**Student:** 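Sharing a structure below in structure tokens format, with a few things to ask.
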Amino acid sequence: MARLNEYQVVGRKKPTDKEKVPKLYRMRLFAPNEVVAKSRYWYFIKKVSKVKKASGEIVAVNRIYEKKPKTIKNFGIWLRYDSRSGTHNMYKEYRDLKRSDAVASCWDMASKHRARFSNIHIIKVAEVKSADVRRPYIRQILDPKIKFPLPHNAIRPSPEELRKTFIAKRPSTF
């Protein structure tokens with residue numbers, strides 16, 4: 001799967017004599033490109049209202065960028081997916097830099113729950129404060145004094161002019 005981007009797609013039913021100014025529908029979708037975002041828009045809008053691609057038009061497609069892409073955040077994702085046994089709702093938490101990356105890591109559902117990409121529908125993605133985190137696997141990382149040991153620290157090679165072709169002893173990485 002290609003890297004996902006977040007898009008805002010705005011569309012409506014084509015104007016007719018009965019309805020001069022039709023209602024606009026806006027959706028935030030995650031897709032690898034604009035074409036797939038438009039396609040997903042028509043898929044969902046058919047379920048919400050009596051508008052299909054032949055009788056509707058897309059007014060605008062905008063890519064949404066993260067405001068602070070270099071700060072790590074906690075994201076809560078509400079989703080719905082179809083499995084072999086039925087339709088299920090689920091809430092998952094991820095810790096990532098961007099909303100789109102959190103949703104991309106959410107596609108592990110295919111392995112864990114046997115849900116295909118087309119059967120997973122993202123309902124809502126929200127940034128969760130550290131105090132409101134529910135899942136223990138995210139809560140354990142929130143400790144500000146957390147440390148990650150480096151048990152196997154390989155030494156970087158020196159510049160090429162100082163490097164020797166043959167060395168008498170093996171490098172020690174512990």
Side-chain angles (χ1 to χ4, degrees), residues 1-12 23-49 51 53 56 58-154 173:
M1 178 92 204
R3 191 171 122 55
L4 291 175
N5 300 315
E6 189 173 3
Y7 291 95
Q8 173 181 286
V9 184
V10 181
R12 65 179 184 175
K23 188 178 177 183
L24 289 169
Y25 294 96
R26 179 181 71 94
M27 283 188 196
R28 290 175 79 159
L29 300 161
F30 294 92
N33 54 41
E34 233 177 80
V35 176
V36 177
K38 288 179 188 177
S39 174
R40 299 292 287 168
Y41 174 79
W42 289 121
Y43 173 80
F44 287 118
I45 204 73
K46 258 190 279 183
K47 293 178 180 269
V48 173
S49 66
V51 179
K53 190 174 179 182
I58 289 181
V59 177
V61 178
N62 303 345
R63 183 165 170 210
I64 300 172
Y65 293 94
E66 193 73 31
K67 288 180 184 172
K68 296 179 181 177
K70 292 186 179 177
T71 57
I72 196 153
K73 297 170 271 300
N74 305 313
F75 292 103
I77 299 177
W78 287 262
L79 56 98
R80 176 187 180 110
Y81 72 97
D82 297 320
S83 71
R84 292 183 213 164
S85 59
T87 305
H88 311 282
N89 293 323
M90 185 181 281
Y91 171 76
K92 293 185 79 101
E93 286 180 345
Y94 293 95
R95 191 165 164 81
D96 222 318
L97 296 171
K98 300 181 204 168
R99 288 167 56 101
S100 57
D101 291 347
V103 171
S105 59
C106 185
W107 298 125
D108 65 349
M109 298 278 296
S111 62
K112 289 182 181 174
H113 301 282
R114 300 289 185 261
R116 292 184 190 88
F117 170 78
S118 59
N119 294 341
I120 301 171
H121 307 304
I122 305 294
I123 296 169
K124 179 180 163 185
V125 179
E127 194 174 321
V128 180
K129 293 178 186 169
S130 295
D132 299 335
V133 170
R134 298 184 206 170
R135 303 292 184 248
Y137 56 86
I138 298 295
R139 198 176 292 145
Q140 70 184 356
I141 303 171
L142 297 176
D143 181 20
K145 295 177 184 175
I146 192 167
K147 293 181 182 179
F148 297 98
L150 296 171
H152 188 77
N153 192 10
T173 60

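Note that this is a predicted model, so its numbers are computed, not measured.
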**Student:** Would you please name every residue forming a side chain to side chain contact (heavy atoms under 4.5 Å, CB included) with Lys68, sequence neighbours left out?
**Tutor:** Thr71, Lys73

**Student:** With sequence neighbours excluded, what pairs up with Asn62 under the side-chain hydrogen bond (donor to acceptor under 3.5 Å, both in side chains) test?
**Tutor:**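 If we apply the side-chain hydrogen bond (donor to acceptor under 3.5 Å, both in side chains) test to Asn62, skipping adjacent residues, there are no hits.
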
**Student:** Could you give the side-chain donor-acceptor pairs of residues 36-43 under 3.5 Å, partners two or more places apart or in another chain?
**Tutor:**
residue	atom	partner	partner atom	Å
Tyr41	OH	Gly11	N	3.0
Tyr41	OH	Gly11	O	3.3
Tyr41	OH	Tyr25	O	3.1

**Student:** Applying side chain to side chain contact (heavy atoms under 4.5 Å, CB included), can you list everything that pairs with Arg134, at least two apart in sequence or on another chain?
**Tutor:** Trp78, Tyr91, Glu93

**Student:** Could you pull out all residues at least two apart from Arg28 that satisfy salt bridge (charged side-chain N to carboxylate O under 4.0 Å, His left out)?
**Tutor:**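 Checked Arg28 against salt bridge (charged side-chain N to carboxylate O under 4.0 Å, His left out); matches are Glu6.
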
**Student:** To the nearest 0.5 Å, what is the distance between CD1 on Ile72 and CD1 on Ile141?
**Tutor:**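 Taking CD1 in Ile72 and CD1 in Ile141, the distance rounds to 8.0 Å.
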
**Student:** Is it true that atom NZ of Lys53 has more than 12 heavy atoms of other residues, nucleotides or ligands lying nearer than 6.0 Å?
**Tutor:** no

**Student:** To the nearest 0.5 angstrom, please state how far the CD1 atom of Ile64 sits from the CG atom of Leu29.
**Tutor:**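 Answer rounded to 0.5 Å: 9.0 Å.
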
**Student:** Between CD of Glu66 and CG of Leu97, what distance do you get to the nearest 0.5 Å?
**Tutor:**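 That separation rounds to 8.5 Å.
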
**Student:** Output the distance between atom CG (Asn5) and atom NZ (Lys98), rounded to the nearest 0.5 Å.
**Tutor:**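 These two atoms lie 8.5 Å from each other.
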
**Student:** Give a yes or no on this: more than 12 heavy atoms of other residues, nucleotides or ligands lie within 6.0 Å of atom CZ of Arg116.
**Tutor:** no

**Student:** Mind checking what makes salt bridge (charged side-chain N to carboxylate O under 4.0 Å, His left out) contact with Asp132, not counting sequence neighbours?
**Tutor:** none

**Student:** Given side chain to side chain contact (heavy atoms under 4.5 Å, CB included), test Asp101 with Arg3 step by step and report yes or no.
**Tutor:** CA-CA 8 Å; Asp101 291 347; Arg3 191 171 122 55; 2.9 Å; yes

**Student:** Indicate the atoms forming the closest heavy-atom contact of Phe75 with Glu127, along with that distance.
**Tutor:**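 Looking at all heavy atoms of both residues, the closest pair is CD2-CA, 4.1 Å.
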
**Student:** Just do the side chain to side chain contact (heavy atoms under 4.5 Å, CB included) check on Leu79 and Ile123 with the steps written out, would you?
**Tutor:** CA-CA 5 Å; Leu79 56 98; Ile123 296 169; 5.6 Å; no

**Student:** Going from CZ on Arg99 to CG on Leu4, what distance comes out if it is rounded to the nearest 0.5 angstrom?
**Tutor:** 12.5 Å

**Student:** Grab the two heavy atoms, one from Val61 and one from Ile58, that are nearest each other, plus how far apart they are.
**Tutor:**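 Heavy atoms only, the tightest pair is CG2-CG2, 3.7 Å.
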
**Student:** How long is the span from the OH atom in Tyr81 to the CZ atom in Arg114, to the nearest 0.5 Å?
**Tutor:**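 It is 11.5 Å, given to the nearest 0.5 Å.
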
**Student:** Under the ring-ring contact (aromatic ring centres under 6.0 Å, His included) test, which residues partner Phe44, sequence neighbours left out?
**Tutor:** His121

**Student:** I'd like to check the side chain to side chain contact (heavy atoms under 4.5 Å, CB included) partners of Leu24; sequence neighbours left out, ordered by chain and number.
**Tutor:** Val10, Arg12, Val59

**Student:** Could you tell me which non-hydrogen atom of Ser105 sits nearest to which non-hydrogen atom of Tyr94, and how far apart they are?
**Tutor:**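 The pair with the smallest heavy-atom distance is OG-CD2, 3.5 Å.
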
**Student:** Which heavy atom in Ile77 sits nearest to a heavy atom in Cys106, and how many Å separate them?
**Tutor:** CD1-CB, 4.2 Å

**Student:** With sequence neighbours excluded, tell me which residues meet side-chain hydrogen bond (donor to acceptor under 3.5 Å, both in side chains) with Gln8.
**Tutor:**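 With sequence neighbours excluded, Gln8 shows a side-chain hydrogen bond (donor to acceptor under 3.5 Å, both in side chains) to Arg26, given in chain and number order.
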
**Student:** side-chain hydrogen bond (donor to acceptor under 3.5 Å, both in side chains) with Ser83: which residues, sequence neighbours excluded?
**Tutor:**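 Ser83 satisfies side-chain hydrogen bond (donor to acceptor under 3.5 Å, both in side chains) with Ser85, His88 once adjacent residues are dropped.
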
**Student:** The criterion is side chain to side chain contact (heavy atoms under 4.5 Å, CB included); which residues satisfy it with Asn74, sequence neighbours excluded?
**Tutor:** Arg95, Val128, Ser130, Val133, Ile138, Leu142

**Student:** Near Arg63 CZ, under 6.0 Å, is it more than 12 heavy atoms from other residues, nucleotides or ligands?
**Tutor:**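 It does: Arg63 CZ has more than 12 such atoms within range.
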
